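This structure is a prediction, so every number in the text was calculated from the model and none was measured. Reminder, nothing fancy here: chain letters follow the sequence lines and each chain counts from 1.
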Amino acid sequence: MKKPGSTSQEDDKPRGPEKATDEKPGVSNFIRDIIDEDLGNNKNGGRIHTRFPPEPNGYLHIGHAKSMFVNFGIAEDYNGLYNLRFDDTNPVKEDTEYVDSIMEDIRWLGFNWEDRLFYASDYFDQLYEWALKLIKDGKAYVDDLSADQIREYRGTLTEPGRESPYRNRPVEENLDLFQRMKAGEFPDGSRVLRAKIDMAAGNLNMRDPVMYRVLHATHHRTSDKWCIYPMYDWAHGQSDSIEGITHSLCSLEFEDHRPLYDWYLEQLGVFHPQQIEFARLNINYTVMSKRKLRVLVEEGHVDAWDDPRMPTLSGMRRRGYLPQSIRSFLDKVGVAKRESVVDIALLEHCVREDLNIAAPRVMAVLKPLRVVIENYPEGQVEELTAINNPEDESMGVRRIPFSREIYIEHDDFREDPPKKFFRLSPGREVRLKHAYFIKCERVIKDDKTGEVLELRCTYDPQTKSGEAHDGRKVKGTLHWVSCDHAVPAEVRIYNNLFTVESPDDCEDFRQCINPQSLEILSGCQVEPNLKNVKAGERFQFLRHGYFCVDSKDFSSERPVFNRTVSLRDTWAKIEKAEKKGGK
RNA sequence: UGGGGCGUCGUCAAGCGGUAAGACACCAGCCUUUGGAGCUGGCAUUCCCAGGUUCGAAUCCUGGCGCCCCAGCCA
C-alpha cells in the first residue's frame, strides 16, 4: 500500500533571497516610492541595505514578521542586503533563549542573513567612544538627579521642562564622572549620561534624553564587562550607521524618535541612514503585544509560546501554517502609515490557498457514528483506490480498506433533515467517497435518551465506481473509515483565542479569552494510512479542514492532530442563515 | 497654537490634477465522487466634512471634525 505523500516541517527549508523578478507587478507603497526616488538620485550609490532589529526578550509574533518582511523583503526586491541585528541593550530583560528562538523563526520564514548577524552589544566600545566625544563637544553631561527627579524636571506634554542643576558641569568633570560610571564606582540609578539638547522642546524625546544608565547586570554576550548600558535611542541609529544601513524601517511609534535619531548622527558626523516608519500589524480576535502574550503564557491561559492558538511564529508553525502562507498574507496586507486591523479571515485564506495544493487528502471521522451495511458480506474487506490530491495528480493514489462496518461523521446524519441538508437520513441514499452508494434503512437509538447509536444501511454493489449505472444521482458524498481498520486519534480544534474582535478594548483582556479556543476530540477514528505519520506532517481531512501532526504530544501509538484551519463550510453558512431567518 | 502622525468599499489597500486598481469578506449563478477547490458575474457616481482654485480635484489651497502616538534610567 502506498502511503500518501505529505508536507512536513522538514520541507520548510530556508530559502535564499528571492529574485526581484518574482515580485508581482504593481506592488506599490510609500516606502518603495521613497526608495525609487533615492535610487533615482543615486543616493548611497544605489545601495539598499536594511535590517531587522529584534530585542531578544520574547518570542517573535506575526507582527514582527511584518517588520521582517518589510525590511528584508524590500532588500530582496531591490537586490540589496539585509542584516539581522539583536537589539540587546537591556541585559535585565534579555536572554540567549530568545536569541535562539528568534533565529529559528526567521529561518523558518525563509530569510537568510548569511554572515550578517550582529548585536548592538558588538558596538558598545564604539558607542562609549562616541559618548566621550559628545561630552568633549559639550553635548552630553552626567546627571546626578534621581529617576523621579528627572521625570519631574522633564515637564509635561504641555509645559516645558527645567534644566537639571548638573547640566552645566565642566567637560572635565563630566569626563571623569562618566569614566567612573563605566568603572563601576556608582550604584544602579545613581547617575546617567544625558544628551544636552533642549529642555523646552515640544518633542519630549529631545528634552535631554538619557544616553546611558548604570546597570550592574550580566549581559548575555558581554557578560560583566559593562555596568553602563546605552539606551535604545543612543544605540539604534549609531548601530544602523556602523552597519551602513541605508533605510531603517520601523514602526510608527518611533516617529517621535526620528529627530533624536537624526540629531545623534549629525553631532557625530557619521553615515546617516534614513529612518522611515510604517504602521504595525494588527489582526482581529487576537493580541499582538509581547506583554499580553507573555501574560497568556505565564498565567497558563495557553500552554506555551508555541501554543497553536498564539499569534507567535512558533505557534503558527506548530499549528501547521506554511511559512509561504505567512509571506503571502503579509504581501496582501501591504505597507502603509495608517493604523489598521486586518481580518483574520485573510490569514486563513492564505493558509488554505497553499495547503490546498500541498496537503494530501485523507479521511478522518471526528465524531464517529457506527454504520452497519447489512447486505455487505461479513468478513469481506475490499481495498479501494483513493486519489491523494485532486489538485495535483503527481501526488498519486493510495488504498483504503472497506468493510461491512464503518464509521461516518455523526453530523452527517439527521433523523429529521432540514431543508438543503444533502447528507444521510432515514430512507435517503448518499455516496461514500471512493466507495459505494449506501441507503439508510434503520436507525438504532438509545431507548432512554433517544440518542442515535447506530445506523443500519444497505449498499448498492453496482455503484462501486462511485456512480450508478442507471444514472441515479445522490446529493451528498460522505467520508468514512472502516471500523476494523481505523486508527484512534486525538484531534485538537483551535478557534479564535478571543471572543471579541478587539481584545485590546476589553477592560481586562483576560476576560475576553474564548473559553472554547481549544476543543479536544479524543474519540476520533482516522484511516489506517495515518498509522505511521511524522511530527509536523500535514493533511487535508476530507470535508473538515487542514490538520498537522502535533510536534510535541504525538506518539506512534496515538497520533495527535492539530487543526490548522477549517475548510470553507457552505453548509454551516446555510444552516446559520436558515436559523436566523427561521425564527 | 505642546510635539508627531493618520483619515479612499464591511476589512486591508492602490491612486501623486484627467474623471475610483486589486485582495479578503459578502451576494448570485455554473461546475463538482470533498456542500472543498475552480469558474462567471455583482459589490465606493464617490474618496472625513465645508469652502476655494481649475475646463477638470480622492489628488492642490483654506478652515473644520475625528482617530492614533509621546511625559521608561524599556525597545
Closest approach to the side chain of Lys420(A), judged atom by atom: which nucleotide of G72(B), G35(B), C6(B) is it? G35(B)
Given A25(B), A75(B), U34(B), which nucleotide is nearest the side-chain atoms of Pro390(A)? U34(B)
Pick the C1' atom in U46(B) and in U19(B), then give their distance to the nearest Å. 11 Å
Euclidean distance for P, A37(B) against C26(B) (whole angstrom): 11 Å
Return yes if some donor-acceptor pair links the side-chain N/O of Arg207(A) with the main-chain N/O of Ala201(A) below 3.5 Å, else return no. yes
When you compare the protein's N or O atoms with those of nucleotides 1-4 of chain B, which come within less than 3.5 Å of each other, and at what distance?
from  : atom 1 : to        : atom 2 : distance (Å)
G2(B) : N9     : Leu157(A) : O      : 3.0
G2(B) : N2     : Gly202(A) : O      : 3.2
G2(B) : N3     : Leu157(A) : O      : 3.0
G3(B) : N2     : Asp256(A) : OD1    : 3.1
G3(B) : N2     : Asp256(A) : OD2    : 2.9

Side-chain N or O of Arg280(A) less than 4.0 angstrom from OP1 or OP2 on C69(B)? no
Please state the P separation for the pair C69(B) and C55(B) - nearest whole angstrom. 44 Å
Work out how far the P atom of A75(B) is from that of A13(B), and round it to whole angstrom. 29 Å
Would you mind telling me which of C27(B), A14(B), A75(B) lies closest to the side-chain atoms of Lys573(A)? C27(B)
Answer for the Watson-Crick or wobble partner of G29(B), both distances under 3.5 Å, is C39(B)
Of the candidate nucleotides C73(B), U34(B), G15(B), which contains the atom at the shortest distance from the side chain of Ser28(A)? G15(B)
Rounded distance in Å between the P positions of A20(B) and C65(B): 31 Å
Side-chain-base donor-acceptor pair under 3.5 Å for Glu391(A) and G36(B): yes
Lys439(A) atom NZ, over 12 foreign heavy atoms within 6.0 Å: no
With a cut-off of under 6.0 Å to the ring centre and 45° to the axis, is Arg194(A) in cation-pi contact with Tyr141(A)? no
If you measure from the C1' atom in C67(B) to the same atom in C49(B), how many Å do you get, rounded? 15 Å
Please determine whether a side-chain nitrogen of the Lys or Arg among Arg423(A) and Glu409(A) lies less than 4.0 Å from a carboxylate oxygen of the Asp or Glu. no
Nucleotide N/O of nucleotides 8-11 of chain B paired with protein N/O under 3.5 Å:
from   : atom 1 : to        : atom 2 : distance (Å)
U8(B)  : OP2    : Arg338(A) : NE     : 3.4
U8(B)  : O4     : Arg338(A) : NH2    : 3.3
U11(B) : O3'    : Val341(A) : O      : 3.1
U11(B) : O2'    : Val341(A) : O      : 2.9

For the residue pair Asp240(A) and Tyr261(A), confirm or rule out a side-chain donor-acceptor distance under 3.5 Å. yes
Among the nucleotides G5(B), C73(B), G35(B), which one has an atom lying closest to any side-chain atom of Lys337(A)? G5(B)
Indicate yes or no: at least one non-hydrogen side-chain atom of Ile283(A) is less than 4.5 angstrom from one of Phe329(A). yes
Does Ser425(A) reach the main-chain N or O of Arg428(A) with its side chain, forming a donor-acceptor pair under 3.5 Å? no
If we take the C1' atom in both G36(B) and C31(B), what is their distance in whole Å? 13 Å
Quick one: on RNA chain B, does Thr463(A) or Asn90(A) contact a more 5' nucleotide (nearest heavy atom)? Thr463(A)
Closest nucleotide of RNA chain B for Asp33(A) versus for Arg352(A): which of these residues is on the 5' side? Asp33(A)
Please name the nucleotide paired to U19(B) by Watson-Crick or G-U wobble geometry with both distances under 3.5 Å, or report none. none
Looking only at side chains, do Glu527(A) and Asn529(A) share a donor and an acceptor under 3.5 Å apart? yes
Is there side-chain contact between Asn71(A) and Arg51(A), with heavy atoms separated by less than 4.5 Å? yes
Please classify G72(B) as syn or anti, treating any glycosidic angle within 90° of 0 as syn. syn
So do Tyr212(A) and Tyr128(A) actually touch side chain to side chain, heavy atoms under 4.5 Å? yes
Regarding Lys433(A) and the six-membered ring of Trp480(A), is the cationic atom NZ or CZ under 6.0 Å from the ring centre and inside 45° of its axis? no
Using a 5.5 Å cut-off between ring centres and planes within 30 degrees, is Tyr232(A) stacked on the base of A75(B)? no
Would you indicate which nucleotide in G36(B), A23(B), A13(B) comes nearest to any side-chain atom of Ala336(A)? A13(B)
